[in-house]
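Presented below is the structure to which this report refers.
Each chain gets a letter, A, B and so on, in the order its sequence line appears, and its residues count up from 1. Hydrogens, waters and symmetry mates play no part in the numbers below; they use all other heavy atoms, side chains included.
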2 protein chains.
Amino acid sequence: MSKQGGALRLQDVATAAGVSIATASRSLSGAPGVSESVAERVREVARQMGYVANLHARSLAAGTSRSVGLVVHEIGDPYFAEIASGVLRVGADEGLTVQICHTGRDPERELDQIRTLVANRVGAIVVAGSGFVDPALQNAARTDLQAYREAGGRVAVIGRHHLGVDAVLPDNVAGGRAVAEHLLGLGHRRIAVATGWQGLTTIADRLAGVAEAFAAEGLDFADVPVVEVAFTREGGKVAAERILADHPDVTAVLALNDDMAIGVLSALRSRGIAVPERISVTGFDDVAVAQDLAPSLTTIRLPMSEMGALALELALKPPAGRPRRRTTGHELVVRDSSGPPPA
Amino acid sequence: MSKQGGALRLQDVATAAGVSIATASRSLSGAPGVSESVAERVREVARQMGYVANLHARSLAAGTSRSVGLVVHEIGDPYFAEIASGVLRVGADEGLTVQICHTGRDPERELDQIRTLVANRVGAIVVAGSGFVDPALQNAARTDLQAYREAGGRVAVIGRHHLGVDAVLPDNVAGGRAVAEHLLGLGHRRIAVATGWQGLTTIADRLAGVAEAFAAEGLDFADVPVVEVAFTREGGKVAAERILADHPDVTAVLALNDDMAIGVLSALRSRGIAVPERISVTGFDDVAVAQDLAPSLTTIRLPMSEMGALALELALKPPAGRPRRRTTGHELVVRDSSGPPPA
DNA sequence: CTGAAAGCGCTAACAC
DNA sequence: GTGTTAGCGCTTTCAG
C-alpha cells in the first residue's frame with residue numbers, strides 16, 4: 001500500500017505556533033491544562049496548515065483507538081445493509097470509525113476477519129448474523145473473541161447465542177410462532193415451509209417457533225413439508241417449484257426470510273398462480289421492499305437498523321458482570337400476500 | 001474507548017522463541033534474511049501463543065497501512081450496499097481492511113469523514129455517490145483529497161466528475177437516453193419524469209440523456225413535465241400523485257432511479273391504475289428486487305458491485321499521470337412494467 | 001543469517 | 001500553564 005510520506009507532524013504545528021509539542025497535543029485533543037488563548041491559536045495554526053493527526057501514532061501512544069469493527073455475512077444483503085446502517089449511525093455519533101468485513105457465512109473467513117479486527121486494535125467488535133447450531137463450528141471464533149475481551153476489547157453479537165457475550169437477539173422463535181399462527185388462524189392446514197440450511201441458529205429458531213404454533217393447534221409438525229434450499233431469493237424459487245410438484249394441494253408457503261418469500265412469489269407469478277387466492281405466502285424480516293411488492297408481503301418485522309445501533313451501544317458500554325441480552329421485539333405485519341385458503 | 005492492555009507483544013514472542021525481536025519481526029512478516037527453519041519456529045511459537053500484531057505500531061513504523069476507506073451516502077440503500085459489496089470483495093482479496101462511512105448526502109459530513117479517513121492513514125479512499133453540479137459544494141473535499149494524494153494517498157471516485165482523480169463513471173447520459181428511447185419507441189408521447197434534486201450530477205446527467213432522446217425524436221423536452229421530489233421510494237409516491245393530478249393524460253412515468261420507480265408503482269397500484277396497460281413505468285439502476293416486483297421493472301442496469309470492485313482496483317494501482325476514467329456499460333432491461341401506450 | 005538500536009508520531013507522566 | 005522526556009510496539013538500517 002502507498003507510502004504516506006510528507007504529512008505534517010504535530011511537531012511542525014507546535015513549532016509554527018511557537019509552543020512545545022506537549023502544549024500542541026493538549027490543545028488539539030482538548031485536554032485541560034492549556035490556556036484557552038494558546039489552545040485556540042494552536043488550533044488555528046493547525047487548521048491553516050491542514051494538519052491531520054496520525055491516528056496510528058495516537059492509538060499506539062494512548063493505547064486506545066476510536067474505531068470499531070463490524071462483521072457481516074454479506075453487506076449487499078439488505079438485512080445486513082440495514083444493520084450496518086444502524087451501526088454506522090451510532091458510530092458516527094460517537095466519532096468512531098467503523099471497519100466492516102464480509103464472511104460469506106464461512107466460519108473460516110469469519111475467524112480471519114475477526115483476527116484482522118483484533119490486530120487493528122479496534123475498541124469493539126460487533127458480529128452480525130446467524131451462528132451455527134453446531135458449536136464446534138465457531139469454537140475458534142469464540143476463543144479468539146474471548147482472548148480479545150480479556151485484553152480489554154468489547155464484543156457484541158447480533159442474532160447469536162452461545163458466544164458468551166452481550167447479544168441482541170431478534171425474536172426468531174416468537175416471530176416464527178406468530179407467522180405460523182397467522183396462517184393457521186386464517187384456516188390454512190396444508191402449509192409448506194421454505195427454509196435455508198437448518199444448521200444456522202436463526203433458521204433453527206424460526207423453525208422451532210413455527211413448530212410450536214402447530215403443536216399448540218394440536219397438529220403434528222412432522223407432517224409439514226419443510227423444503228431446505230438456499231436462504232436466498234433463488235432458493236425461494238426452487239422451493240416453490242418443489243412444493244408445487246410434490247405437494248400440489250398446499251395452500252400456504254411460509255418462507256423463513258423475505259428473500260426466499262420474494263423468490264416464492266416470483267415463481268408463483270410466473271406460473272400464474274394467484275396469491276393469496278390460491279396460495280398465501282409469508283416472509284420474515286420485513287426488508288424495505290416487502291411493502292412494495294405486489295402483492296405486498298405479509299411478514300415479521302425485525303427492527304434491523306435499531307438492532308445494529310443497539311449492538312454497538314451495548315459494546316460501547318462498560319462491560320457488565322454477565323453477558324447482557326436484549327431481545328428485540330417482532331411485529332407481525334399483515335399485508336396482501338396472505339388470506340384465507342381457497343374454499 | 002476501551003484500553004487494550006495485556007496483549008502480547010512481539011518481544012514476548014521473540015523471547016519465547018529464543019530469538020531477537022528483529023528476527024521475530026522478519027519471520028512473521030515474511031521478510032527475507034532469516035533461515036527458513038528459524039522463521040518457521042517463530043511462526044509456530046507465535047501461533048501457539050495467539051500473538052496478534054499491533055497494526056497501529058506496524059503502520060507507524062512502516063509508514064504504510066493495509067486499510068482503505070469507502071465513503072457512501074447511506075449504506076442501507078441497496079445501490080450503495082451493492083457497491084460496498086464489490087469494494088469489500090476486492091479488499092478481502094487484497095488483504096485490506098475497509099472502513100466505511102456515511103455522509104447522508106451532506107457535503108459537510110462528507111468532508112468530516114474524509115478527514116477521518118486521512119487521519120487513519122488509509123492507503124486509499126473510494127468515494128461513491130453522486131457529486132454536486134455546483135462545484136463549490138465540494139471544493140473543500142477536493143482540496144483535502146488533493147492534499148491527501150500529495151502525501152501519497154490514492155483516491156478513486158464512483159459517479160463523480162470534476163474531482164481530478166481516477167473515476168468509475170456509470171453511463172448515466174447514455175442510460176437516460178436509452179430508457180427514454182425505449183418509451184418513445186413504444187409510442188409514448190406524453191411522458192413524465194420523476195426525479196430527485198437536480199443539483200446532483202447523477203441526476204443532471206440522466207436527465208440530459210433523456211432530453212437528448214426527445215431532441216433526437218424532434219420533440220421539445222421543455223414540454224415534458226419533470227417532477228422534482230426526494231430521490232427515494234417516498235419521493236416516487238409523491239411524484240406519482242402529483243403527475244396524476246397535474247397531467248392525467250400521461251402514459252408513462254420515467255423515474256430516474258429504481259427506488260423512485262418502486263414508489264411510483266406502489267402509488268399507481270393503490271389507485272388501481274394498471275401498469276403497463278394504462279401507464280408504463282421505468283426505473284434506473286436495476287437493484288436486485290427490480291426483477292421481482294410485480295410488474296417486474298423495466299430499468300437500466302448498472303453493474304454496481306463491479307463498479308465498487310473496479311474503483312478499489314483503480315485506487316490500488318500505481319497512480320497514472322492523468323486521472324483514469326472507466327465508463328461502465330449500461331444495459332436496458334425490458335421487463336413487464338413498460339408497454340405500448342393505451343390506444 | 002542474526003542482533004542492537006534508532007526511530008515512526010503521538011500521549012502522558014513528570015518537572016518546572 | 002507550559003515544557004521535557006520516556007515510552008507505545010513495530011520495522012529497518014547498520015553492524016557483526
TODO: Could you tell me whether the side chain of B:S59 and the main chain of B:S65 form a donor-acceptor pair under 3.5 Å?
DONE: no

- [ ] Spell out, as yes or no, whether a donor-acceptor pair under 3.5 Å connects the side chain of B:R121 to the backbone of B:T64.
- [x] no

TODO: Any pair with a residue in residues 306-325 of chain B that passes side chain to side chain donor-acceptor pair (under 3.5 Å), sequence neighbours left out, goes on the list, sorted by first then second residue, please.
DONE: B:D166-B:R324

Integer-rounded Å distance: [N] [atom2] and [X] [atom1]:
{"X": "A:R66", "N": "C:dT11", "atom1": "CZ", "atom2": "P", "answer": "13 Å"}
{"X": "B:I21", "N": "C:dA6", "atom1": "CD1", "atom2": "C1'", "answer": "13 Å"}
{"X": "B:Q11", "N": "D:dC10", "atom1": "CD", "atom2": "P", "answer": "10 Å"}
{"X": "A:L10", "N": "D:dT4", "atom1": "CG", "atom2": "P", "answer": "14 Å"}
{"X": "A:L55", "N": "C:dC10", "atom1": "CG", "atom2": "P", "answer": "9 Å"}
{"X": "B:D12", "N": "D:dG9", "atom1": "CG", "atom2": "P", "answer": "9 Å"}
{"X": "B:R121", "N": "C:dG9", "atom1": "CZ", "atom2": "P", "answer": "8 Å"}

Please list, pair by pair, any protein nitrogen or oxygen found under 3.5 Å from a nitrogen or oxygen in nucleotides 14-16 of chain D.
none

Task: Selection from C:dG3, D:dG3, D:dC10 that lies nearest to any side-chain heavy atom of A:A22 - done: D:dG3

Task: By salt bridge (Lys or Arg N to Asp or Glu O under 4.0 Å) - contacts of A:D106 (at least two apart) - done: none

Kindly write out the residues that satisfy side chain to side chain contact (heavy atoms under 4.5 Å, CB included) with [X], not counting sequence neighbours, or none if the list is empty.
{"X": "A:A16", "value": "A:V45, A:M49"}
{"X": "B:S35", "value": "B:S37, B:V38"}
{"X": "A:Q146", "value": "A:R149, A:E150"}
{"X": "A:R26", "value": "A:A22, A:T23, A:A31, A:V34"}

Open item on the list: Please list, in numerical order, the residues of residues 27-51 of chain B that have a heavy atom closer than 4.0 Å to any atom of DNA chain D.
Closed with: B:Y51

Polar atoms only, N or O, under 3.5 Å: list the protein pairs with nucleotides 6-8 of chain D and their distances.
{"from": "D:dC8", "atom 1": "O2", "to": "A:A61", "atom 2": "N", "distance (Å)": "3.1"}

- [ ] Give a yes/no answer on whether the side chain of B:S20 brings an N or O atom under 4.0 Å of OP1 or OP2 in C:dT2.
- [x] no

TODO: Determine: side-chain N/O of B:T23 to OP1/OP2 of C:dG3, distance under 4.0 Å, yes or no.
DONE: yes

Only distances under 3.5 Å count here; give the side-chain donor-acceptor pairs of residues 80-96 of chain B to other protein atoms, sequence neighbours excluded, each with its distance to 0.1 Å.
{"from": "B:S85", "atom 1": "OG", "to": "A:E74", "atom 2": "OE2", "distance (Å)": "2.6"}
{"from": "B:R89", "atom 1": "NH2", "to": "B:S305", "atom 2": "OG", "distance (Å)": "3.1"}

TODO: Just grab all the salt bridge (charged side-chain N to carboxylate O under 4.0 Å, His left out) pairs involving residues 34-54 of chain A, residues at least two apart or on different chains.
DONE: A:E36-A:R43, A:E40-A:R43, A:E44-A:R47

Less than 3.5 Å apart, which donor and acceptor atoms pair up between the side chains of residues 112-119 of chain A and the rest of the protein, not counting sequence neighbours?
{"from": "A:Q113", "atom 1": "NE2", "to": "A:H102", "atom 2": "O", "distance (Å)": "3.1"}
{"from": "A:R115", "atom 1": "NE", "to": "A:D144", "atom 2": "OD2", "distance (Å)": "2.6"}
{"from": "A:R115", "atom 1": "NH2", "to": "A:D144", "atom 2": "OD1", "distance (Å)": "3.3"}
{"from": "A:T116", "atom 1": "OG1", "to": "A:D112", "atom 2": "O", "distance (Å)": "3.0"}

